[in-house]
Amino acid sequence: MTPERYNAREAEPRWQKIWEERGIFAAPNDDPRPKHYVLEMFPYPSGRIHIGHVRNYAMGDALARYKRAMGFNVLHPMGWDAFGLPAENAAIERKVHPKEWTYQNIAAMKSQLKSMGLSLDWSREIATCDPDYYKHQQKLFLDFLQVGLVERKQSKVNWDPVEQTVLANEQVIDGRGWRSGALVEQRELTQWFFKITAFADDLLAALDRLDRWPEKVRLMQRNWIGRSEGLLVRFALDPATTPNRESELEIFTTRHDTLFGATFMALSPDHPLAAAAAARNPALAAFIAECHHRGTAQEVIETAEKLGFDTGMKAVHPFDPEWKLKVYVANFVLMEYGTGAIFGCPAHDQRDLDFVNKYGIGVIPVVCPSDQDPATFAVTNVAYDGDGRMINSRFLDGMTAAEAKEEVARRLERERRGGRPVGERRINYRLRDWGISRQRYWGCPIPIIHCEACGVVPVPERDLPVRLPDDVAFDRPGNPLDRHPTWKHVACPACGKPARRETDTMDTFVDSSWYFARFTDPWIAASPTDAPMADAWLPVDQYIGGVEHAILHLLYSRFFTRAMRKAGHLGLDEPFDGMFTQGMVVHETYRKADGTWAAPEEVTIEGSGPDRRAKLIATGEPVEIGPTEKMSKSKFNTVDPDDIMATYGADTARWFMLSDSPPDRDVNWTEEGVQGAGRFVQRLWRIVGEVAEVGAAPDAARPRHFDAAALAVRKAAHGALAKVSEDLAKLRFNLCVAQVYELANALQDALAAIKGNGRLTPDLAWAMREAAEIMVQLFHPMMPHLAEECWAALGHNNLIAQARWPVVESDLLVEETITLPVQVNGRKRADVTVARDAGVPDIEAAVLQLEGVKRALEGKVPKKVIVVPQRIVNVVA
RNA sequence: GCCCCUGUGGCGGAAUUGGUAGACGCGCCUGACUCAAAAUCAGGUGGUGGAAACAUCGUGCUGGUUCGAGUCCGGCCAGGGGCACCA
């Protein structure tokens, strides 16, 4: 006898315990089955999981369980992105050590994750703040240094004044720190960089091959890398005008077709030549200082007026020795891009035009749009950047812009000055090197020692890991490592004299750039020289996470994999074969009369449709229902996974998460939706219970023939099986859910028919059992606890978590007869049922006999009949 | 400013990629069971007309291609996202 109601609260921990005791989710490294690596982005241990985690891990777990049932050796691990600033903030605010705070949070979140019933291999758990983890990271840093992928350089960096640390370009969003939201300042500092630009070309080109990544993410990375093809041009400088015998000015351009439209040259305020000129010109020096002064915050830079200062130098046009161009220092020229210098062509570049209009320099249009008269075409306030024919350009006149580009490049490549070509084709990238130095405590120490005599000395491998000291104080702002009394004082490994440790730590994005490889390799800690297991497990077959990491983490990981290959750690380039970006969980907002927010659990909803009203449970005060938005603490529209799981159970929460929206779109968390999922759990349990009573015994022999009722049940089951198998592989969970509903409806109808007419043949009994088992298998990846309970109720004594995925009998999917819709002039008028293999003439004849067709034809003779086999018939009159 | 994505019932969304628009769920309506409620079960549910059969309109707007368009092409509108002095 099965109980009336399914009790998730009792059943879920029971099955979790059984899974854990039997260790069935551990992925063996030596296993003959094909591997499959499923990974969800590991969480930051903030202390509690949020509903977005539930969605993320429900998806990954559904896939992992499906692949396991399909016969793969599935690696599905979990870990903690455990370094980071919140731990330091907690230390400052609550006087608790970052390590203690982090490990407490990990323990709390781990127990939450366990209550979800995820099929994780916990034996491979990692935390990035564990010295066993970061010692490998320090080794990787040193190896990258050795192969030339790390450098230390002085450069302009983004300084977050709130976090008191440097940020990478990728971590500055709209001029603000990605976490603090503070306006970022520019500072000139000496920092460690990973040379991600060394792989710019490959990181871009390989995107084309990542065909299991979202197009959106690939596009974002493409734009971020920002490749442009252009020409490097060496302009000669008029010697009479230059201060220190500089003879050349190198510029980069993508518009060399417009070279005859040049009216000025411009240098970045940071350009060496600008500094040289400023040395003997106090007014220019003052202008450059002014540029630096006003250009600290990104917002200021973006809205700044175009300003310039004449250096007095003159450049010679590469095609005309008599043509001299004034060289300005201009605030809109970036030192970081190209060569830090440009030629100005105001007619075809808006920035140059704005500049020229301010200083009264000339405008020469050289590209004429096809709908304009070359004789009268002029540019005044709006630069023309479209296609057209060349004008005012001597030997280029009449060419298209593309032809002119080619011609200019060819001529300047051939022309030589001082033994070097005047022009060189060059590919330029927007991508900058990744600055990883952070002036923070709670991160991976950079394994470097600075020695007065020897310079920068790598920490020898035998001294790894460089451990973070535990005895640190957070009573003052700044980096506690820097002011620690002893930690930074060490002997130089090279000469033995007193030296100083690097006190900066690594960007926490470094930690997450290779963790997927660490999971593959549990024993590397014991012996770093062992051959890595990573190659056997990698790449990750399916990675799942939020789109907010489209550039940051996903680009860094692609870089790291290449760097690890170059340093001999891995044999592949791309870490993630399949990438899926899941949508957010959103919820409507509730606003009280006084403007403050109310939380969902404080609110009760009455009525529906336009009469839908919300009021406070406590006081009955009406609250305004606001827009549906991303869950956030500030809007109070969050729901706590613990509450949901305690009320409904993990399966209900997982089912609802996967059911309501396509997984890549936002899902609206609604109370009604969760209740619906909870009702369906009970309905499935009832159906399975009834089938367990009427269905055939587990070991009953398969009948030779099936009557119509049995066949219908089998067709429903195998049809659903075929669709769910396909949709699970594509992560289309919402469609899987719909299929399970349809099969449940079909089974319930069949049960009602059996009760109604009392007819239960042995073959129908067998088919009912088969269909119920298939149904349980189909929802197992999404609701594993309920599935185990149902599996046992159906008389199995093995675990469904270890059962093989059922095999589709494709014969059942093919119908003897098919019903085709019949259109007349494109409007549906009737249906026609014909044999599956009926010929076109037979179908045509049958269609023309249909009453609905005759009526629609109104006696007219059809001009032709279009028969699309297996699809549709259209009669054209 | 440039680039990209998305617009389908009251709501979330299906639609084998050019072939029956609205699968499945939520909500709602009607009925059964009940003293009653909950739960459950049965039926209905895009608009308009009709008792019904059926007809007609209908996938943001607009024009086109096609026997046939939610799907393809052109032009707009709205919402969302990315980049942004990148030469």
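To find a chain, count down the sequence lines: A is the first, B the second, and so on, and within it residues start at 1. If you're wondering where the values come from, they're calculated on a predicted model, not measured in any experiment. Basis for what follows: all heavy atoms, side chains included, without hydrogens, waters or symmetry-related copies.
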Measuring from the side chain of [X] (C-beta onward, heavy atoms only), which nucleotide among [options] has the closest atom?
{"X": "A/Arg686", "options": "B/C86, B/A14, B/C41", "answer": "B/C41"}
{"X": "A/Val333", "options": "B/G7, B/U20, B/A87", "answer": "B/A87"}
{"X": "A/Leu735", "options": "B/C4, B/G12, B/A14", "answer": "B/A14"}
{"X": "A/Ala738", "options": "B/A87, B/A23, B/U6", "answer": "B/A23"}
{"X": "A/Lys306", "options": "B/C85, B/C86, B/C83", "answer": "B/C85"}
{"X": "A/Asn223", "options": "B/C3, B/C86, B/C24", "answer": "B/C3"}
{"X": "A/Arg871", "options": "B/G82, B/A55, B/U17", "answer": "B/U17"}

(message) Between the base of B/C54 and the side chain of A/Arg829, is there a donor and acceptor pair under 3.5 angstrom?
(response) no
(message) Once hydrogens and angles are ignored, does a donor-acceptor distance under 3.5 Å link the base of B/A39 to the side chain of A/Arg679?
(response) no
(message) Looking at A/Val853, is its backbone amide N or carbonyl O close enough to the side chain of A/Arg829 to form a donor-acceptor pair, meaning the two atoms are under 3.5 Å apart?
(response) no
Base, sugar-phosphate, or nothing: which does [X] touch, judged by heavy atoms less than 4.0 Å apart?
{"X": "A/Lys216", "value": "sugar-phosphate"}
{"X": "A/Val873", "value": "nothing"}
{"X": "A/Phe252", "value": "base"}
{"X": "A/Asn428", "value": "nothing"}
{"X": "A/Glu851", "value": "nothing"}
{"X": "A/Thr253", "value": "sugar-phosphate"}
{"X": "A/Ile342", "value": "base"}
{"X": "A/Asp352", "value": "nothing"}
{"X": "A/Arg430", "value": "base"}
{"X": "A/Arg732", "value": "sugar-phosphate"}

If only side-chain N and O atoms count, and only distance matters, is there a donor-acceptor pair under 3.5 Å linking [Y] with [X]?
{"X": "A/Asn223", "Y": "A/Arg218", "result": "no"}
{"X": "A/Gln582", "Y": "A/Arg665", "result": "no"}
{"X": "A/Asn637", "Y": "A/Thr589", "result": "no"}
{"X": "A/Thr833", "Y": "A/Thr817", "result": "no"}

Any [X] side-chain N or O less than 4.0 Å from OP1/OP2 of [N]:
{"X": "A/Gln748", "N": "B/C41", "value": "yes"}
{"X": "A/Tyr741", "N": "B/G25", "value": "no"}
{"X": "A/Arg827", "N": "B/G19", "value": "no"}
{"X": "A/Asn734", "N": "B/C24", "value": "no"}

(request) Report the C-alpha distance between A/Tyr328 and A/Phe309 in whole Å, list the side-chain angles of each, state the deciding distance to 0.1 Å, and finish with yes or no for ring-ring contact (aromatic ring centres under 6.0 Å, His included). (result) CA-CA 5 Å; A/Tyr328 290 81; A/Phe309 196 96; 8.8 Å; no
Give each protein N/O atom lying under 3.5 Å from an N/O atom of nucleotides 66-69 of chain B, with the pair distance.
from: B/C67; atom 1: O2'; to: A/Asn874; atom 2: ND2; distance (Å): 3.3
from: B/C67; atom 1: O2; to: A/Asn874; atom 2: ND2; distance (Å): 2.5

(message) Less than 6.0 angstrom separating the ring centers of A/Phe656 and A/Trp669, yes or no?
(response) yes
(request) For this output row, return yes or no: ring centroids of A/Phe343 and A/His317 closer than 6.0 angstrom. (result) no
(request) Would you kindly compare A/Arg855 and A/Thr819 by the position of their nearest RNA chain B nucleotide and give the one closer to the 5′ end? (result) A/Thr819
(request) Between A/Ser661 and A/Ser228, just flag the one whose closest nucleotide in RNA chain B comes earlier from the 5' side. (result) A/Ser661
(request) Return the set of residues passing ring pair (Phe, Tyr, Trp, His ring centres under 6.0 Å) with A/Phe235 (not counting sequence neighbours), or none when no residue passes. (result) none
(message) Can you tell me whether the base of B/U8 sits syn or anti, using the 90° cut around 0 to define syn?
(response) anti
(request) Using a 90° cut-off around 0 for syn, call B/G9 syn or anti. (result) syn
For the pair made of [atom1] in [X] and [atom2] in [N], what is the distance, rounded to whole Å?
{"X": "A/Asp660", "N": "B/G27", "atom1": "CG", "atom2": "C1'", "answer": "12 Å"}
{"X": "A/Met220", "N": "B/A84", "atom1": "CE", "atom2": "C1'", "answer": "14 Å"}
{"X": "A/Gln682", "N": "B/C41", "atom1": "CD", "atom2": "C1'", "answer": "16 Å"}
{"X": "A/Lys828", "N": "B/U56", "atom1": "NZ", "atom2": "P", "answer": "14 Å"}
{"X": "A/Phe235", "N": "B/A87", "atom1": "CZ", "atom2": "C1'", "answer": "12 Å"}

(request) With pairs defined as Watson-Crick or G-U wobble and both distances under 3.5 angstrom, please note down RNA chain B as a dot-bracket string, | for pairing with another strand. (result) (((((((..(((......[....)))((((((.......))))))((((....))))..(((((..]....))))))))))))....
(request) Report yes or no: is the cationic atom of A/Arg5 (NZ for Lys, CZ for Arg) under 6.0 Å from the centre of the six-membered ring of A/Trp685, at an angle within 45° of the ring normal? (result) no
(message) What I want to find out is whether A/Glu229 reaches A/Arg425 closely enough, with some N-O distance under 4.0 Å, to be called a salt bridge.
(response) no
(message) Tell me whether A/Arg234 is salt-bridged to A/Glu424, with the criterion being a basic N under 4.0 Å from an acidic carboxylate O.
(response) no
